[in-house]
Amino acid sequence: MLDLKLIRHDPGAVRTALRRRGEAEAARLDEVLELDERRREILPRLEALRAIQNEANAQIAEAKRAGAEADEAIGRMREVAGQAKALGEELATVEAELNAALALVPNLPDATAADEDTVLREVGTIPTREYEARDHLALAGERIDMERGARVAGSRFAYLRGDLVFLELALVQWTLDLLRGHGFEPVIPPVLVREEALYGTGFLPDTEQQIYHLPEDDLYLAGTSEVALASLHAGEILDADMVPLRYAGFSPCFRREAGAAGRDTRGIFRVHQFDKVEMFSFVAPEAALEEHERLLSIEEEILSALQIPYRVVNIGIGDLGAPAAKKYDCEAWLPGQGRYRELTSTSNTTDYQARRLQIRLRGADGKPVTAYTLNGTAVAVGRTIVALLENGQREDGSVELPECLAAFGAPAVLPAA
RNA sequence: GGAAGGGUGGCAGAGCGGUUGAAUGCACCGGCCUUGAAAGCCGGAGUCCGUGCAAGCGGAUCGCGGGUUCGAAUCCCGCCCCUUCCGCCA
């Protein structure tokens, strides 16, 4: 959610920034501005009535205490109360519309966000081989069991079996260990969340078609632990010296993938359920840009340590989600597909989520300011396994795995399927 | 799932339906005192909205929402959360 005061005081600048997302988004401002004006027309009138009520109430109280009659003041209260109630209802309607309109306005793109997807750099060596590269399913064999997964839960569900389970666990543990070294507190968050948490992070109203809902309990299956991590400090005013606060959340993630029919149907590249280690930072406003680069550098450190060739993309404004002001994706080279595919993603959501979640910092002057939040994928386990298998493959179909994982229980070599 | 109790300021904890934004204690900030500190004394201090250059002024806020009433922290209803007991359970 944008700062209403900013919209009010500098609508031109906000509109200009929003235009980079398109005219339709910029046009949303008009409704917000109009509703805000109506609100500020009604509010002083209502407050004046309330002031009269409060004054009359004091007189009544005083008269009662003195044992005197207060009919005149009570009459005045009675009269004003009716007017105040009607005005109050009018205000409530306008405020509800205002909040709904404001909730639909996406975040302002950062000045350094790209207009179109822009590859910043390619890192690592794309392996050359005389044989045809296999894809991860061919390499995994029954250790990735899609057929039985589909039989039990439907398409896009998989069984991970045997060695791959130890690979997953090693990957997770190695990542959490590395992140702790970078100052991230490991967290296993709730995966089922309330609507407020999704609204607060900007997934609602925006991506509802991607989210599983449990109507019996009115809970939602989170598509990322970002939801629960952002909500960790909802409603709190944090001391400025507590930030940066960094969390590494490990959780399963659930996505309906509605609208992705037919895409990436082979293997576990795009499934309804996967595990992920997610980084999440709460920072002071002025520290956000640097923190974003920091999250990106950690993502790159991880990909490099795992010897996965990748490229970094500054995501174009058209592909930014509503909460993001800027986003980098790291795309891994997948020999089985012969192209780069998204593996991790990090977003600077500035104060967009924190304002909705009412997360503030108490600055040196004692005044609360809205915090800034950022998120980034440390390891999306399923896709990382895909990348490890396809990049580590040898001609005989066995797979060499990165050394760093061995200490955490991963096999050094995955036998051919 | 059943039964009971409870949600008040950073924390603890009062609060006959009417000068209660809210006693008191602790914690916090400033001042006095002190060589320095502690103790003591004096004072200050929540958050949000509107208005104003500002000081300020006005409004809201006692889990959330609604109701009763001229008037609700206080009474009624719904929801959320916490605690205890029973049941169930990895």
Side-chain angles (χ1 to χ4, degrees), chain A residues 1-11 32-103 188-200 204 214-220 228 231-243 245 251-252 351 354-371:
Chain A
M1 186 157 69
L2 296 185
D3 183 357
L4 186 55
K5 283 178 182 164
L6 176 68
I7 295 175
R8 192 150 71 214
H9 291 134
D10 200 351
V32 170
L33 284 165
E34 191 218 310
L35 287 164
D36 179 52
E37 209 164 300
R38 279 177 61 195
R39 171 174 181 271
R40 282 184 303 134
E41 188 273 321
I42 296 169
L43 191 60
R45 290 197 283 139
L46 177 60
E47 291 186 346
L49 290 176
R50 294 242 167 95
I52 293 171
Q53 282 184 293
N54 287 341
E55 197 194 339
N57 191 41
Q59 286 172 16
I60 295 167
E62 197 170 348
K64 292 267 176 178
R65 208 148 13 85
E69 289 302 312
D71 292 349
E72 186 273 330
I74 288 180
R76 201 144 31 96
M77 283 275 272
R78 209 187 297 268
E79 187 186 322
V80 173
Q83 300 172 31
K85 186 169 183 180
L87 249 194
E89 280 163 10
E90 199 181 331
L91 181 69
T93 305
V94 170
E95 286 190 335
E97 289 173 13
L98 175 59
N99 288 335
L102 198 53
I188 296 180
V191 176
L192 293 176
V193 298
R194 290 226 177 87
E195 184 179 345
E196 295 87 79
L198 288 163
Y199 172 83
L204 291 178
L214 277 51
E216 282 289 295
D217 299 281
D218 206 16
L219 289 169
Y220 297 81
S231 302
L232 185 58
H233 292 294
E236 297 181 19
I237 300 179
L238 305 164
D239 285 333
D241 58 12
M242 285 174 71
V243 296
L245 275 173
S251 78
D351 56 354
R355 181 166 293 108
R356 290 191 185 205
L357 292 165
Q358 296 180 67
I359 302 166
R360 287 165 290 179
L361 305 175
R362 193 179 299 283
D365 61 355
K367 291 286 168 217
V369 295
T370 301

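Because only heavy atoms are used, hydrogens play no part in the values below, and waters and symmetry mates are left out as well, while side chains stay in. Proteins come first, then strands; the chains are lettered A, B, ... in the order of their sequence lines, and each starts at number 1.
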Engineer: Grab the CG-P distance between L49(A) and rC70(B) for me, whole Å please.
Structural biologist: 17 Å
Engineer: For rU47(B), does either OP1 or OP2 sit under 4.0 Å from a side-chain N or O belonging to R362(A)?
Structural biologist: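 For rU47(B), OP1 or OP2 has a side-chain N or O of R362(A) closer than 4.0 Å.
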Engineer: Please name the pair of heavy atoms, one in S251(A) and one in V191(A), separated by the smallest distance, quoted to 0.1 Å.
Structural biologist: CB-CG2, 4.1 Å
Engineer: What about E47(A), does its side chain sit under 3.5 Å from the base of rG50(B) through a donor-acceptor pair?
Structural biologist: no
Engineer: More 5' along RNA chain B: I237(A) or P44(A), using each one's nearest nucleotide?
Structural biologist: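 In this pair, the answer is I237(A).
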Engineer: Check the phosphate of rG50(B) against R8(A), side-chain N and O only, distance under 4.0 Å to OP1 or OP2. Yes or no?
Structural biologist: yes
Engineer: Which sits closer to the 5' end of RNA chain B, A58(A) or P368(A), going by the nucleotide each is nearest to?
Structural biologist: A58(A)
Engineer: When you measure from the side-chain N and O atoms of R50(A) to the phosphate of rG59(B), is any distance below 4.0 Å, counting only OP1 and OP2?
Structural biologist: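 The answer is no; no side-chain N or O of R50(A) sits under 4.0 Å from OP1 or OP2.
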Engineer: Using a heavy-atom cut-off of 4.0 Å across all strands, would you classify L43(A) as base, sugar-phosphate, or nothing?
Structural biologist: sugar-phosphate
Engineer: Should N54(A) be listed as having a side-chain N or O under 4.0 Å from OP1 or OP2 of rG58(B)?
Structural biologist: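 Indeed not, no polar side-chain atom of N54(A) lies that close.
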Engineer: At under 4.0 Å, does any side-chain N or O of R194(A) touch on OP1 or OP2 of rC80(B)?
Structural biologist: no
Engineer: Whole angstroms only, please: what is the CZ-C1' distance between R45(A) and rU51(B)?
Structural biologist: 16 Å
